[in-house]
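Protein chains get the first letters and strands the later ones, always in sequence-line order, with residue 1 at the start of each.
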Amino acid sequence: MSTNPYAHPNPSPQPDGSLGDLNDAQRGAVTHAGDALLVVAGAGTGKTRVLTRRVAWLIQQGLAPYRILAITFTNKAADELKRRLEELPGGAQVWAGTFHRFGSFLLRRHGADIGIDPGFTILDRDDQLSILKAIYKDLDIDPATPRPVEALSMISHVKNGGGGRPPLDLTAPGIAASFDALREHYIARLRQADLLDFDDLLLETVRLLTECPHIAEQYHQRFGHVLVDEYQDTNVVQRDLLLRVLGPDAGITVVGDPDQSIYRWRGAAVRNILEFDQDFPDAEQVLLERNYRSTGHILGAAESVIERNKGRHAKRLFTEQDDGALVKLTRCRNGEDEGTVAAQQIANWQDAGRRLDQIAVFYRVNSMSRGIELALNQRRIPYVVVAGTEFFQRREVKDALAYARLVANPKDEAAFLRVVNKPRRGVGAASLRKLRDFAAMHDLALGTAASRAEEAGMSKRAANGVKRFLALLERVRAMPVAPVAPILEALLEGSEYRATLQDSPDDLDRSRLENVDELVAYAREFGKQEPEGDLRTFLERAALVSDQDGYERGTGRVSLMSVHAAKGLEFPCVLITGAEMGYFPHARSLGDPAGEEEERRLFYVAMTRAQEELSVTHAARRQTYMGEEHRVPSPYLNDVPSSRLDNQDFAAWGAPAAWSEARQPDPDAFDFELPASASHPSEAMAALQHEAAVRESGPGLEVGERVLHPYFGAGRLEAVSGAGEDARVTIDFDAFGQKQLLLRHARLEKLP
DNA sequence: GGAAAGACATTTTTT
DNA sequence: ATGTCTTTCC
């Protein structure tokens, strides 16, 4: 069996329809003839290939491509699917996209039947928050009681049926009343301004299909087969939507892996996949267990981690590849060391012939990217951060889009609030307050009320500013709705938004200008690709793109990303950082058994992204915003049999002399200071010697005392045996259970 | 009304 | 350490 992952056959449909490149299970899934099929596809078992080929097979069986609905988790996955299907006659007519996009598609067409203006605007989280904050002001609610973000999560929670743990404790005194008021106002506000949030996109579609049987019927007729990818991450509303769009004669195929369900916190219901046969009693199930991605040690290590979860769908992955390299586990003293190790690991892989774009570094929280970035910068290792502040999330891009949204939907309150005073037009908080009062009194949307600024009692200056603002929007509304780029340009020029950035003394604003220009360029590209594409389509595109959609392969750089962002990707070399309690599992999920199981799955997902090399680091101490903290290695590491591990200590990586001449950074090129341990080996040694001295003097331990071990964390001293050099201690560690250690090596500290 | 300075909390993951 | 929200002063 080849160990080269690139040797695997391309998953594109074979033009001749042959299935010879599939294994038995895959072939069974592709050619399943019944109405309902569940494909439980373990990590790296060829899930995407099966999905694509099944669509191809359905078409070959005579199902018209436009009668196929394929729902994916990201737009990128949908585009990828479409690209592969293009080789097939009619393949481009398959409807492929995310649940949200499908909802949006139906609501634009039929929303009017349930009182939704087809010109609705889609709100993202920022927009939702700005509306909610405005409501806080109107209702004079103390932003400390439920904080706006919490209230927002709670609103979403309630909208989605309220299963699981509520993000907000409504039993706290005084909260419930203000929350209900908030929620009601929020919903009314969105209604009034033709705004839909992400939840509404799904919920309103369900309502449409429920309240309008004739429309539902139309789609029952149309879709002969529905396929859903990543089914383990669908929520109850998505399942509901699926059941309603599916006609009595339609077939359904869902693909997923319960072990990779990592979006429970967002409302994903693993139940959907685990109890698929309850929704579809005659469903058949195909299990894909042969992994083509990873070498033996990597897969084995990952399996031994996931095995510990309770209530799993029975499944055991295997590979026919060689064992390959051991999983390397490196203990670092602190976060800086970890950065050094990351850089060095990357360099080592590079020396072994890897390209940088075959390497990925994962972390649990996005904020951890900073330390890694710093270390890679110092060594001039090119990298790309996937996600982070993504393009469409940038303030200036959102500002520009807000202008455009107001052109498309004059009632868009979130957009109005965002840019009515950007750049400054003399419309401050006091004026807005007057405007809101006036709007509320006459039951108008904010944008509508604005045209009567004087009546609202605004100052002359403010009223003037608002007038200029509205005049610009009117002017642009008179322009044709396509192409989009000129619309954006007219707005940016007419509002002087562009000019303000250009003239700003702040360099940050200058770089913002570039982003604004990039947005215009993006719009121009959009116009080229879709000559018919109007403003509305463009805005929808912008609202529904995700961070993951931005990821591109073959950049010649190392990829840095959160584990969540890594889902669905694979890399020859993977480095998982921060494998510690608090990250894996995350501190927030401690004490919640279901949450902890999800954390384990998350670590499993991280491990199974690796094809040939998997390296894991953890730090004994880490600097947080509250100061330096002790860190305990992730308990998941303990589940990996030591026969699959290559244990390393930061010290074992050797002094910075190990850096090859060629990679030695140019000292003049950096304004950063290298970490002491890297730039001055002697200092590092001094530190180690100091530690040793502390150790020898010893903390005079007694049985029953709490102690701290730099590796295993806190524990209780159970017993002492032997004496002098051979003294051994037995310690019951909180996170690792009982261990016997040589006292002289244990580096114990006494805990109060 | 706006700018600047200061207080303050913030860190999970995101369609 | 950073960014956001609030306060203060012009």
Side-chain angles (χ1 to χ4, degrees), chain A residues 71-78 97-104 122-126 128-130 133 136-137 143-144 147-149 152-153 156 160 167 196-202 230 233-235 237-238 261-268 335 362-371 374 386-390 392-393 395 421 423-434 458-462 464-465 506 508 543-549 561-567 578 582-590 592 595 598-599 601-603 605-606 622-627 629:
Chain A
I71 312 258
T72 54
F73 195 67
T74 62
N75 295 302
K76 196 176 144 226
T98 62
F99 272 106
H100 290 89
R101 198 171 265 190
F102 180 64
S104 182
I122 300 168
L123 293 185
D124 70 7
R125 212 185 142 76
D126 272 12
Q128 295 178 292
L129 219 47
S130 77
K133 282 179 185 163
Y136 268 76
K137 282 188 188 152
R147 288 208 313 278
V149 271
L152 193 59
S153 319
S156 174
N160 284 297
L196 298 184
D197 63 24
F198 286 132
D199 296 328
D200 294 333
L201 243 26
L202 304 176
E230 308 278 18
D233 286 325
T234 52
N235 64 26
V237 182
Q238 287 165 335
S261 161
I262 55 173
Y263 286 101
R264 195 185 79 99
W265 52 273
R266 203 169 80 187
F362 300 158
Y363 32 78
R364 177 62 222 271
V365 295
N366 277 122
S367 59
M368 268 189 72
S369 76
R370 217 183 299 140
L374 190 70
V386 178
T389 348
E390 191 247 355
F392 284 97
Q393 309 259 62
R395 197 186 313 167
N421 202 29
R424 305 232 174 309
R425 293 185 184 89
V427 191
S431 302
L432 281 180
R433 167 126 228 172
K434 283 177 194 154
M458 285 167 73
S459 71
K460 202 157 198 177
R461 171 158 57 152
N464 250 323
D506 191 345
L508 216 68
L544 294 178
V545 290
S546 76
D547 285 358
Q548 292 200 3
D549 293 330
M561 67 189 85
S562 71
V563 179
H564 282 88
K567 181 178 136 161
Y583 286 141
F584 296 102
H586 194 276
R588 287 268 286 248
S589 61
L590 289 178
D592 167 17
E598 175 147 311
E599 296 293 320
R601 292 195 291 268
L602 195 58
F603 197 67
V605 167
R622 198 179 283 283
Q623 193 69 43
T624 73
Y625 65 94
M626 335 178 55
E629 288 182 339

Asker: Output the rounded distance in Å from CZ (Arg425(A)) to P (dG2(B)).
Answerer: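 Checked: the CZ to P distance equals 11 Å.
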Asker: Any side-chain heavy atom of Asn160(A) within less than 4.5 Å of one from Asp199(A)?
Answerer: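 A side-chain contact exists here, since the closest heavy-atom pair is under 4.5 Å.
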Asker: What string of B, S and - do you get for nucleotides 7-13 of chain B, 5' to 3', when a contact is any protein heavy atom under 4.0 Å?
Answerer: ---BBBB
Asker: Using a cut-off of strictly less than 4.0 Å, decide whether Asn421(A) has a side-chain nitrogen or oxygen near OP1 or OP2 of dG2(B).
Answerer: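 So the side chain of Asn421(A) is within the cut-off, an N or O lying under 4.0 Å from OP1 or OP2 of dG2(B).
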Asker: If I take atom CG in residue Leu196(A) and atom P in nucleotide dT15(B), what distance separates them, rounded to the nearest angstrom?
Answerer: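 Spelled out: CG on Leu196(A) to P on dT15(B) is 18 Å.
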Asker: Lys567(A) NZ to dT14(B) P: how many Å, rounded?
Answerer: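 Those two atoms, NZ and P, are 12 Å apart.
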Asker: As an exercise, state the distance from CZ of Phe99(A) to CG of Leu544(A), rounded to the nearest 0.5 Å.
Answerer: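 Interatomic distance, Phe99(A) CZ to Leu544(A) CG, rounded to 0.5 Å: 14.0 Å.
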Asker: Can you sort out the partners of Phe603(A) under ring pair (Phe, Tyr, Trp, His ring centres under 6.0 Å), two or more places apart, ordered by chain and number?
Answerer: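 Phe603(A): ring pair (Phe, Tyr, Trp, His ring centres under 6.0 Å) contacts with Phe584(A), Tyr636(A).
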Asker: Think Lys567(A) forms a cation-pi with Phe73(A), using NZ or CZ under 6.0 Å from the six-ring centre and within 45 degrees of its axis?
Answerer: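 Flagged: Lys567(A) positioned over aromatic ring of Phe73(A).
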Asker: Please tell me if the side chains of Asn235(A) and Leu202(A) come closer than 4.5 Å, counting only heavy atoms from C-beta onward.
Answerer: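 A side-chain contact under 4.5 Å exists here.
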Asker: When the C1' atoms of dT11(B) and dT6(C) are considered, how many whole Å apart are they?
Answerer: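 It works out to 22 Å between them.
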Asker: Tell me: NE2 of His100(A) to C1' of dT14(B), nearest whole Å?
Answerer: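 Between C1' of dT14(B) and NE2 of His100(A): 10 Å.
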Asker: For the C1' atoms, the ones on dT12(B) and on dC5(C), what distance do you get once it is rounded to whole angstrom?
Answerer: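 Nearest-Å result for dT12(B) against dC5(C) at atom C1': 23 Å.
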Asker: Would you mind reading off the distance between Arg264(A) atom CZ and dT14(B) atom P, rounded to a whole angstrom?
Answerer: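 Taking CZ of Arg264(A) and P of dT14(B), I get 17 Å after rounding.
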Asker: Regarding Arg125(A), tell me which of base, sugar-phosphate or nothing describes its non-hydrogen contacts under 4.0 Å with the strands shown.
Answerer: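 Nothing: the residue Arg125(A), judged by heavy atoms under 4.0 Å, touches no strand.
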Asker: What's the closest nucleotide to the side chain of Ala430(A) if the choices are dT15(B), dC5(C), dG1(B)?
Answerer: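 In terms of side-chain proximity for Ala430(A), the closest of dT15(B), dC5(C), dG1(B) is dG1(B).
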Asker: Take atom CG of Asp200(A) and atom P of dT15(B), then tell me their distance rounded to the nearest Å.
Answerer: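 Computing the Asp200(A):CG to dT15(B):P distance gives 17 Å.
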Asker: Report the residue (Asp199(A) or Ala462(A)) whose heavy-atom-nearest nucleotide on DNA chain B is the more 5′ of the two.
Answerer: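 Nearer the 5' end of the strand: Ala462(A).
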Asker: Out of dT4(C), dA3(B), dC5(C), which nucleotide sits closest to the side chain of Arg424(A)?
Answerer: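 Nearest listed nucleotide: dA3(B).
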Asker: Quick one: does any side-chain atom of His586(A) pair with a main-chain N or O of Arg364(A) as donor and acceptor, under 3.5 Å?
Answerer: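 Absent.
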Asker: Counting any heavy atom closer than 4.0 Å, what does Arg101(A) reach on the DNA or RNA strands: base, sugar-phosphate only, or nothing?
Answerer: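 Nothing, no nucleic acid heavy atom in range.
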Asker: Just how far, in rounded Å, is P of dT14(B) from CG of Asp197(A)?
Answerer: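 Computing the Asp197(A):CG to dT14(B):P distance gives 18 Å.
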Asker: If you measure from CZ on Arg266(A) to CG on Asp233(A), what distance do you get to the nearest 0.5 Å?
Answerer: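 Separation between the atoms: 7.5 Å.
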